[in-house]
Visitor: 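Pasting a structure here, questions to come.
Naming: A, B, ... by sequence-line order, numbering from 1 per chain. Just so it is clear, the values below take in all heavy atoms, side chains as well, and ignore hydrogens, waters and symmetry mates.
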Protein chains: 2
Amino acid sequence: MNSKTILVVDDEPAIRDMISTALDVAGYDCLQAENAQQAHGMIIDEQPDLVLLDWMMPGTSGIELIRRLQRDDLTKNVPVIMLTAKTAEDNMVQGLESGADDFITKPFSPRALIARINAVLRRAEAELPQEPIQVDRLLFDPISHRVTIDNQPITMGPTEFRLLSFFLTHQERVYSRDQILDHVWGGNVYMDERTVDVHIRRLRKAISLEGHDRFIQTVRGAGYRFSTKVVEE
Amino acid sequence: MNSKTILVVDDEPAIRDMISTALDVAGYDCLQAENAQQAHGMIIDEQPDLVLLDWMMPGTSGIELIRRLQRDDLTKNVPVIMLTAKTAEDNMVQGLESGADDFITKPFSPRALIARINAVLRRAEAELPQEPIQVDRLLFDPISHRVTIDNQPITMGPTEFRLLSFFLTHQERVYSRDQILDHVWGGNVYMDERTVDVHIRRLRKAISLEGHDRFIQTVRGAGYRFSTKVVEE
DNA sequence: CGAAGTTGTGACAAAAATATGACAATAGTG
DNA sequence: CACTATTGTCATATTTTTGTCACAACTTCG
């Protein structure tokens, strides 16, 4: 597995080193930049898979950099995690609105940091599968963006489509509503967990011909699971 | 609310006292050990919820103790926070790799320490084993959140699931109803001990195909034990 | 054996979790 | 801009889980 490259942008060398070490342990490659200017160049040159960005920096602030990244086509899809010392909510909101994929408040543990990074990268990867997926009589075709059962086309909303896509690529495993929100809704969401229930319901309805949907199973107290293994009543 | 117990391992009494005071203020119970040897014994006897471990100690070093804890089934799940005076990179790497859940560099403020402890405990609480566990014909898979016997899926409530998870990760040892309440119900519960009996009953019923459950043994006057060793009548 | 203490068992009502349908706000579309 | 599809939230039904109790079964010990 070729390792991901992560760019750390912070003006304090000590913090950069600390993070660098943690990333190293976790098997990530690490680049460093000490200001937004430098960072911008490195993102274009090196195309890192993720940017860790300190919120408070002298000169151009973190949020400013994010805005610039958003405008720039070359860098539009780089996920960004903000590091921030403040916990004030408006900062979070600002940060998230401006396009950061996640944020983590200092001080943080290396573990927590790595966990966030993993989560965000996983999210970024959760793109559509490249190949059609067939389970039972259900055919999911990401190319034509279509779902059929026995060649009968199924209609569903975009959210249900992403949800199904997620489930198909993550079968046999339980995900909490939180995790599902993370993966399917794209991370920086403040949303009621119960929304997931409703969309599960809609998806179930959509992909269940003749009554039953055997695929999406409810795991009480834990979440949902997509499974092709038949559960007998 | 019954409080968590934390074991402080450091060779300097002054530091132990300082930490002890901080823990006290924060509402944690505190145990102390001055070397790795002593610590190991206390972990087994007292089952602390977390270990604060000084990196540099005369004799067996902190990292050595962590390694030992990892190997030992009885202590495998105790979270560890390393205290270290050094910020040198290799220390951190070693510490993290060896299985410490976090580390904090001296000198630290009591407040920072407590914050870390809270974070790690919160993390530890939610955690299930990551690997499937098989005993005999019983398979416990935390990933799919499934329990099967001979590939036959077993249904049980969330509490039974947690209870089974606890037993599987703490086999061959007797736990009182109190301790079981603590571990499975999540600590600060005020509940009738006899409730445990009922859930034991439910779990037994669930995981016993064809009559017998040989796993969960009653130890009269003491509690229950999960054991794979067959006890003949 | 009988008394006193522990543990097993089934029942049950309260509580918690999930399913479902409806609706207003929003985003897309032509 | 009007029109439709989609979405998130809520209120309400339905289902499952859970803690407790009453009583049965069992142990221990005199």
Side-chain angles (χ1 to χ4, degrees), chain A residues 97 145-147 153-166 174-208 211-226 231 233, chain B residues 145 147 153-166 174-208 211-226 231 233:
Chain A
E97 274 179 349
H145 215 266
R146 249 189 214 138
V147 181
I154 305 296
T155 62
M156 59 181 75
T159 306
E160 278 72 60
F161 190 83
R162 287 202 309 280
L163 184 58
L164 177 57
S165 169
F166 168 71
V174 170
Y175 289 90
S176 69
R177 293 172 172 73
D178 249 338
Q179 293 175 300
I180 294 176
L181 271 182
D182 251 29
H183 282 96
V184 176
W185 271 256
N188 51 7
V189 257
Y190 255 141
M191 221 174 356
D192 191 339
E193 287 194 340
R194 262 175 246 144
T195 302
V196 174
D197 294 32
V198 178
H199 282 275
I200 290 279
R201 153 96 173 118
R202 287 170 181 158
L203 179 55
R204 273 177 170 158
K205 204 178 212 173
I207 68 176
S208 81
H212 291 304
D213 154 49
R214 17 170 69 58
F215 294 136
I216 302 176
Q217 298 163 1
T218 303
V219 182
R220 238 153 215 271
Y224 295 96
R225 167 181 56 208
F226 189 99
V231 179
E233 316 91 68
Chain B
H145 213 273
V147 181
I154 306 295
T155 63
M156 59 181 75
T159 305
E160 278 73 60
F161 190 87
R162 287 201 309 277
L163 184 58
L164 177 57
S165 170
F166 168 72
V174 177
Y175 289 90
S176 71
R177 293 172 173 74
D178 246 340
Q179 291 175 301
I180 294 176
L181 271 182
D182 257 26
H183 282 97
V184 177
W185 272 256
N188 47 15
V189 263
Y190 176 65
M191 222 174 353
D192 190 344
E193 288 194 341
R194 291 297 311 275
T195 302
V196 174
D197 295 30
V198 178
H199 281 276
I200 290 281
R201 152 94 172 122
R202 287 169 181 157
L203 179 55
R204 274 176 170 158
K205 201 181 215 173
I207 67 177
S208 80
H212 294 304
D213 155 50
R214 14 173 68 59
F215 295 135
I216 302 175
Q217 299 162 1
T218 304
V219 181
R220 205 153 238 272
Y224 296 95
R225 167 179 53 207
F226 189 100
V231 180
E233 319 86 70

Visitor: Quickly work out the A/D197 CG to C/dA17 C1' distance and round it to whole Å.
Guide: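 In whole Å, C/dA17 C1' and A/D197 CG are 9 Å from each other.
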Visitor: Before giving the answer on side-chain contact (heavy atoms from CB on, under 4.5 Å), spell out for B/F215 and B/R204 the whole-Å C-alpha distance, their side-chain angles and the decisive distance to 0.1 Å.
Guide: CA-CA 8 Å; B/F215 295 135; B/R204 274 176 170 158; over 6 Å; no
Visitor: Grab the CD1-C1' distance between B/I180 and C/dT7 for me, whole Å please.
Guide: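 After rounding, the reported distance stands at 13 Å.
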Visitor: So which atom in B/L181 and which in B/E193 form the shortest heavy-atom distance, rounded to 0.1 Å?
Guide: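 Smallest heavy-atom distance, with atoms named: CD1-CA, 4.3 Å.
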Visitor: Taking the side chain as every heavy atom from C-beta outward, state whether B/F166 and B/I180 have any atom pair closer than 4.5 Å.
Guide: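 Yes, side chains in contact.
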Visitor: Give, for atom CG of A/D197 and atom CZ of A/R177, the distance between the pair rounded to the nearest 0.5 Å.
Guide: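 The CG atom of A/D197 sits 4.0 Å away from the CZ atom of A/R177.
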Visitor: Do any side-chain nitrogens or oxygens of A/Y224 fall under 4.0 Å of OP1 or OP2 in C/dA19?
Guide: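 It does, given that an N or O in the side chain of A/Y224 lies less than 4.0 Å from OP1 or OP2 of C/dA19.
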Visitor: Identify all pairs in which a protein N or O lies below 3.5 Å from an N or O of nucleotides 24-30 of chain C, and state each distance.
Guide:
none

Visitor: Once you round it to whole Å, what is the distance between P of C/dT6 and CD of B/Q217?
Guide: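 Whole-Å distance recorded here is 21 Å.
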Visitor: Identify the heavy atoms of B/I207 and B/M156 that sit nearest to each other, and give their distance.
Guide: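 Between these two residues, the closest heavy atoms are CG2-CE, 4.1 Å.
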Visitor: Which atoms form the tightest heavy-atom contact between B/A222 and B/V174, and what is the distance?
Guide: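 Looks like CB-CG1, 4.0 Å.
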Visitor: List the steps, then state whether side-chain contact (heavy atoms from CB on, under 4.5 Å) holds for B/H145 with A/Y175.
Guide: CA-CA 9 Å; B/H145 213 273; A/Y175 289 90; over 6 Å; no
Visitor: Nearest heavy atom decides the nucleotide; on that basis, is B/A222 or A/A222 closer to the 5' end of DNA chain C?
Guide: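 The residue whose closest nucleotide sits nearer the 5' end is B/A222.
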Visitor: Using whole Å, what does the distance between atom C1' of nucleotide C/dA17 and atom NE2 of B/H145 come to?
Guide: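 For the pair B/H145 NE2 and C/dA17 C1', the rounded distance is 14 Å.
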Visitor: Taking side chain to side chain donor-acceptor pair (under 3.5 Å) as the definition, give me every residue that meets it alongside A/R194, ordered by chain and number, with sequence neighbours left out.
Guide: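 For A/R194 there are no side chain to side chain donor-acceptor pair (under 3.5 Å) partners, ignoring immediate neighbours.
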Visitor: Let me know the distance between CD1 of B/I216 and P of C/dT9, rounded to the nearest Å.
Guide: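 These atoms are roughly 12 Å apart.
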Visitor: Measure the distance from CD1 on A/I200 to P on C/dA17 and round it to the nearest whole Å.
Guide: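 Roughly 17 Å, once rounded to whole Å.
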Visitor: Using whole Å, report how far CG of A/L181 lies from C1' of D/dG8.
Guide: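 From A/L181 CG to D/dG8 C1': 11 Å.
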Visitor: Using a 4.0 Å heavy-atom cut-off across all strands, classify A/V219 as base, sugar-phosphate, or nothing.
Guide: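 Sugar-phosphate: the residue A/V219, judged by heavy atoms under 4.0 Å, touches backbone atoms but no base.
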Visitor: Mark up nucleotides 13-25 of chain D, 5' to 3', with B wherever a protein heavy atom is under 4.0 angstrom from a base atom, S wherever such an atom reaches only the sugar-phosphate, and - elsewhere.
Guide: --BSSBBBB----
Visitor: Ignoring hydrogens and geometry, is there a side-chain-to-backbone donor-acceptor pair from A/R225 to A/Q217 under 3.5 Å?
Guide: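 No; zero donor-acceptor contacts below 3.5 Å.
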